[in-house]
Every structure is written in C-alpha cells, then in structure tokens.
Enquirer: 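The structure's right below; bear with me while I get my questions together.
Proteins get letters first, then strands, A, B, ... in listed order; numbering begins at 1 in each.
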Amino acid sequence: MIAPDWFREDRLPHIYCTGCGNGTVINCTLAAVEEMGWKRNETAFVSGIGCSSRAPGYILTDSLHTTHGRALAFATGVKMAKPDLNVVVFTGDGDLAAIGGNHFIHACRRNVDMTVVCMNNQIYGMTGGQGSPTTPLGAFSTTTPYGASEPAFDLAELAVAAGANYVARWTSYHVKELTKAVVTGMQAPGLAFIEVRTQCPTNYGRHNKLRRVPDMIEYLRSHAMLVDKYNRLTAEGKPVPDGIFTVGELVRRSRPAMGVKR
Amino acid sequence: MKLVIDESRCKGCNLCVLVCPYGIFGEGTELNSRGIVSPVLDRPERCTNCRLQALYGRMLCGVCQMICPDQAISWTDEKPFEPHRVEVEF
Ligand SMILES: Cc1ncc(C[n+]2csc(CCOP(=O)(O)OP(=O)(O)O)c2C)c(N)n1
Ligand code: SF4
Ligand code: SF4
Ligand code: SF4
Ligand SMILES: [Mg+2]
C-alpha cells in the first residue's frame, strides 16, 4: 500500500465497490501529500457527501465530512481561520457541480488557497446512479432511461473560467500523471482544481455497456486526449473524434489568492 | 523484495492485471475464503521493483500498487534472503 503513514488501516478494506476508481484517487493524493512532506497535524481533509466524499474517513488526519455540496464552503472557513493548515478537499461531480455548484464557482473566484480533487464518475454513485450535471449526452442512468438529453458541464473548463490558479484533468488510469498534477496543485498558491475522471462500474458502467472494470478503464484511456494535441488539432481545423475529453494541465497562473500561508 | 497481494483487502477488480508491463498478474480462477477471485502471480521475481528496489533505494514502477483501489499490493523483505534466477524477456 502507498503512504501507509496516512491510511487508517483499521478502516480498510473501504466500502467502495470492486474496481471503484475512488480508491486509486486516494492513493495518488496521499502519494502527493507524502511527496510534499506535509505533516499530519498540519493537514486537514474536507469533503461533502457521496462515495467520493467518504475518502477523508480513511485518512489519519483531522477531517470534516460535511453536508452535501458544502465541502468548499467549510474548507473556505477552515482556511480563512487557520491559513497555516494545508487543506485538501475531496468531492464528487454531484457534490461539486450540482448541489454545490455555487460554492464551486465562488471558491474559484476567491481563489482560496487549497487543493480540490474531484472524483468525476459522471453519476450520483452513492444514491443509486441518478444522472448528474456531468453525465454525458446519451448516457443511461436511472433518471435518464432513454439517454441523457442535456449537455454536460466540463468541470475543469468551468474552474478555469471562474478563476482557479491551477487546473488539471486526468483519469484514474493515469496514476503517475495524476500524482504529479496533485503535487503541482499543492505547491501552487490559490485554488488548485484537479478533475479526475473515474470509473463507477456499479452505477455508471452497468447501465452503459461497461460492466467490467477493465472496460471502464479502457474507455477512459482511449477517450483521453492530451490538451496540447487537442489544441493542435483544432488550430489546424482537423476533426476531433466524438466523446473525447482533454487531459493535462489546463491553466497555471497567479491571480491574487486568499488564505495563503503567512 | 517479494510482491504480495493482501487477500484480506483485494476485491478482485483485475486492474493490476491490466497495467503491469510484465504481465505478472493473471486473472485468477479460484474463490478465496472471502468469496473473491484474486489474481494469481506469474514469476513475480521479474517485477522491476522486486529486483531493484533495494539497489536504488526507492520505488520503481509501482503502477500496480498505485492503481490498486484497495491498497492490497505491497512488497515485503524476503527473509532469509532467497536468491532467484531471473529471466526477463523483452
Ligand atoms: C441535501 C442533500 N440532498 C441530497 C442528498 C442525497 N445524496 C447523497 S449522495 C448524493 C449524490 C452524490 O453524487 P456525487 O457527489 O457525484 O458522489 P459519488 O457518489 O458519485 O462519488 C446525493 C444526491 C443528501 N445526502 N443531502
Ligand atoms: S457506487 Fe460507484 S462510486 Fe460508489 S463505491 Fe460503487 S463504484 Fe464507487
Ligand atoms: S488491483 Fe488490487 S484489488 Fe484489484 S485485483 Fe489487483 S490486487 Fe486485487
Ligand atoms: S511494480 Fe510494475 S513491474 Fe512490478 S508488478 Fe507492479 S506493475 Fe508489474
Ligand atoms: Mg459522482
């Protein structure tokens, strides 16, 4: 196991389903925390409600498991009261972009100094597979039995537009790249947003002909395109295949930030 | 070093089978006492990390451990030291 000093081993195995990507994202985030050399008593994890939001429960630090959608609001409070703490937020696509959408854009606008890791499985996993604001067009879920008919949010682009200092996107297949992105995000002052496309075999895969865990990973791998390549293709006016999403670093800048360590 | 799967944690997702560049993990066939089909290891001494971790003093590759959603993969020291004849095919 990675980062054994940070896991609450007495709580393992965790509640996640077989092959759920959330476990991988916890591994990568804790590997990044170790690389940063942070101390446990100087680090706090904050989350809302959802499968993804259970992550801090498996980590040996102080944590806040807050109400649905409010992780960023609580984290803002923690950071403003104690700027010396390292604050990391785990959140899900529903938690962050549906009920918590307002907090998301304002945390980015304020550029509060923290690291936000969003496990975007494009579904409400915990409550049984209802469609979320990131469920792709045409995807099946319990609330979109004929295929989703609404366009989806691109969370990373949303964070860029709202003002976060560092924004990256990877998938739960790209473990090394993801760990590096989380480290870079933790080093950057201001809000660092890392979207991770993860697999939810139980409530997304099962409805979308991706029942086996490796099928979902293969889907993520084959639909991810480096942002540089995407920009080159679009600049040359070449077509981009359907269903492709960009991965890599989307923005790194130094807008004024709040709650930076003194 | 020796590669081990902690069967009290593994849920049998086979992601390690998918990522190992040496094909060290193979899909298992038998249920263990927890009712889970854990992967089987094929000549794990070929793993870069098993061979070279002590020499380099750091983790090498380690992708299987990183992607394992259930924190089930680790390396243990072999005691007493067991020399292996290792053949790595490229
Ligand atoms: C105020 C409130 N409304 C609704 C719920 C029910 N609820 C629990 S988790 C969840 C969705 C979680 O989705 P997401 O954030 O994507 O997490 P996932 O389980 O997919 O990781 C909902 C709607 C709740 N707990 N509280
Ligand atoms: S329902 Fe989906 S997101 Fe929740 S633990 Fe299972 S696989 Fe993971
Ligand atoms: S990745 Fe981990 S949980 Fe999945 S089969 Fe391999 S050892 Fe078991
Ligand atoms: S560390 Fe790399 S080479 Fe060794 S078993 Fe894991 S994936 Fe295979
Ligand atoms: Mg979700």
Enquirer: Under 4.5 Å from any heavy atom of chain A, what part of B:Ile67 do you find: side chain, backbone, both or neither?
Expert: both
Enquirer: Decide yes or no on ring-ring contact (aromatic ring centres under 6.0 Å, His included) for A:Phe104 and A:Phe193, but give the supporting numbers first.
Expert: CA-CA 10 Å; A:Phe104 178 37; A:Phe193 178 70; 5.0 Å; yes
Enquirer: Under a 4.5 Å heavy-atom cut-off, does chain B meet the side chain of A:Phe7, its backbone, both or neither?
Expert: side chain
Enquirer: Identify which of A:Pro4, A:Gly21, A:Pro13 forms the greatest number of heavy-atom pairs closer than 4.5 Å to chain B.
Expert: A:Pro13
Enquirer: Pick out which of A:Thr29, A:Thr115, A:Val116 makes a side chain to side chain contact (heavy atoms under 4.5 Å, CB included) with A:Ile194.
Expert: A:Thr115
Enquirer: Determine the option with the most heavy-atom pairs under 4.5 angstrom with chain B, choosing from A:Ile217, A:Ile26, A:Leu12, A:Leu178.
Expert: A:Leu12
Enquirer: Need one label for B:Cys16: side chain, backbone, both or neither, based on atoms under 4.5 Å from any heavy atom in chain A.
Expert: neither
Enquirer: Side chain, backbone, both or neither: which part of A:Ile2 has a non-hydrogen atom closer than 4.5 Å to chain B?
Expert: both
Enquirer: Just wondering, are more than 12 heavy atoms of other shown residues or ligands nearer than 6.0 Å to OH in A:Tyr230?
Expert: no
Enquirer: For A:Tyr124, is the OH atom crowded, meaning more than 12 foreign heavy atoms sit under 6.0 Å from it?
Expert: yes
Enquirer: Using side chain to side chain contact (heavy atoms under 4.5 Å, CB included), reason through A:Thr246 and A:Leu226 one step at a time and then give a plain yes or no.
Expert: CA-CA 6 Å; A:Thr246 53; A:Leu226 283 173; over 6 Å; no
Enquirer: Looking at A:Asp154, I'd like to know if its CG atom is crowded, meaning that more than 12 non-hydrogen atoms belonging to other residues, nucleotides or ligands lie closer than 6.0 Å.
Expert: yes
Enquirer: List the atom pairs, donor and acceptor, that lie under 3.5 Å between side-chain atoms in residues 93-100 of chain A and the rest of the protein, sequence neighbours left out.
Expert:
unit_1, atom_1, unit_2, atom_2, d
A:Asp93, OD2, A:Gln122, N, 3.3
A:Asp93, OD2, A:Ile123, N, 2.9
A:Asp93, OD2, A:Ser132, OG, 2.7
A:Asp93, OD2, A:Thr134, OG1, 3.0
A:Asp95, OD1, A:Ile49, N, 3.2
A:Asp95, OD1, A:His68, ND1, 3.0
A:Asp95, OD1, A:Gly69, N, 2.6
A:Asp95, OD2, A:Thr91, OG1, 2.9

Enquirer: Report which part of B:Val19 has an atom under 4.5 Å of a heavy atom belonging to chain A: side chain, backbone, both, or neither.
Expert: side chain
Enquirer: Could you look at A:Thr18 and say if it's the side chain, the backbone, both or neither that has a heavy atom under 4.5 Å from chain B?
Expert: both
Enquirer: Using non-hydrogen atoms and a 4.5 Å limit, figure out which bit of A:Cys28 sits close to chain B: side chain, backbone, both or neither.
Expert: both
